[in-house]
Amino acid sequence: WVGVLGPRVLELRQTESDCFFRCLGEVASAESAPAAETVDHVRAELVDYFQLSKPLAPMYEHWASADRRMNRIAAALPGMRVLRQEPHECLFSFICSSNNNIGRIGGILQSLRARYGPRISLYEGIDTADAATFGGDEITDLQAVDDEAFFAFPSVETLAEASEEELRGLGLGYRADFIRQTALALRQKGDGWLCSLREEDVDTVREELCALRGVGPKVADCVALFSLDQVETVPVDTHVWDIACREFDPSLRECLSLTPNVYARVGALFRSRFGTYSGWAHQLLFAAELPQFRSRLPADMVEEMAEWRGGGGGGAHK
DNA sequence: CAGGTC
DNA sequence: CCTGG
């Protein structure tokens, strides 16, 4: 895998027993430390990003014993971790995700980076073709506009200065104003404000995030789980609602829309079943719904899921 | 209708 | 309600 983490382009390659990494480039402004120090620093950042100090095996065992279906999914999808993203990037990204599809979200975020983010220049002698072949992945997976363009995520300051019109031009649609407004609010609240929410309790985090433009319960929960250490939080989107209907409580199917009441019921179901790390358990169940992981699941399970989707009349069961 | 919010 | 499939 090749992509941007903070101010650097990183390459990761996983083998049976190890995970290798190297840095391919960095933003020009970053004062480059001695190479040996950078390696240690990047290693520490990866440990933080993938939350490697949290042992996953005990969680998997707990979830597997709590749920028959989860037992099989856990076996099929090992190592599914929740990322610990940079909170500002996470927040803006999930504001872009609302009422939107994954493909377009990725495009919008790449446009945001390319237009407002600092460019990352690759080190001498490194090109993305190297990077792509090294990992054996397609070059289409790269977060590059062209063959050599990488950008870090833009700062709050830069986004606050952006015009709504220009943001719309990048394909953000009505979310353009959400981005600008939230950037302005964050600038006013000061640099460390968002990260400081990591020290707060779930309810405070939710309340503070929901006060921002473009942030409702679902987006708030995503930011809480994926960047603010709220391991118990379960973001409920249309897919997670489906999972809850299908696996935990068919009566949820009667509800016409994802109202706050339904939202709360679904989260409560996950927490009663999976406990403290329900957000992480949710991540595994959610991943199992995605087309990219479907092929790894047992055939009868895939069939059961397809039947549910089709049986509802192409999603018309709502 | 898509990984919702105003 | 932006926008693309």
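Order of the sequence lines sets the chain letters (A, B, ...), proteins ahead of strands, with each chain counted from 1.
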Grab the [atom1]-[atom2] distance between [X] and [N] for me, whole Å please.
X	N	atom1	atom2	value
Glu165(A)	dC2(C)	CD	C1'	15 Å
Leu167(A)	dC1(C)	CG	P	20 Å
Gln283(A)	dG3(B)	CD	P	15 Å
Tyr174(A)	dA2(B)	OH	P	13 Å
Leu209(A)	dT5(B)	CG	C1'	14 Å
Trp241(A)	dA2(B)	CH2	P	10 Å
Asp242(A)	dC1(B)	CG	C1'	13 Å
Lys218(A)	dT5(B)	NZ	C1'	12 Å

Short side-chain donor-acceptor distance under 3.5 Å, Thr204(A) and Asp201(A): yes

Given [options], the nucleotide with the shortest approach to the side chain of [X]:
X	options	result
Ser98(A)	dG4(B), dC6(B), dC2(C)	dG4(B)
Arg104(A)	dT5(B), dC6(B), dG4(C)	dG4(C)
His239(A)	dC2(C), dT5(B), dG3(B)	dG3(B)

Students often get this wrong, so: under 4.0 angstrom with heavy atoms, is [X] touching a base, only sugar-phosphate, or nothing?
X	result
Pro235(A)	nothing
Val219(A)	sugar-phosphate
Arg213(A)	sugar-phosphate
Gly173(A)	base
Leu290(A)	nothing

Quick check on the 6.0 Å ring-centre criterion: do Phe248(A) and Phe270(A) meet it? yes

Quick one: are the ring centres of Tyr116(A) and Phe153(A) less than 6.0 Å apart? no

Want to settle it: does Asn101(A) or Tyr263(A) sit nearer the 5' end of DNA chain B, counting the closest nucleotide to each? Asn101(A)

Taking for Asp237(A) and for Phe178(A) the nucleotide of DNA chain B with the nearest heavy atom, the one nearer the 5' end belongs to Asp237(A)

Strictly by Watson-Crick or wobble contacts shorter than 3.5 Å, is anything paired with dC1(C), and which nucleotide is it? dG4(B)

Less than 4.0 Å between a side-chain N and a carboxylate O, is that true for Arg213(A) and Asp177(A)? no

Going by the salt bridge (Lys or Arg N to Asp or Glu O under 4.0 Å) test, name the single residue among Arg68(A), Arg253(A), Arg69(A) that passes it with Glu247(A). Arg69(A)

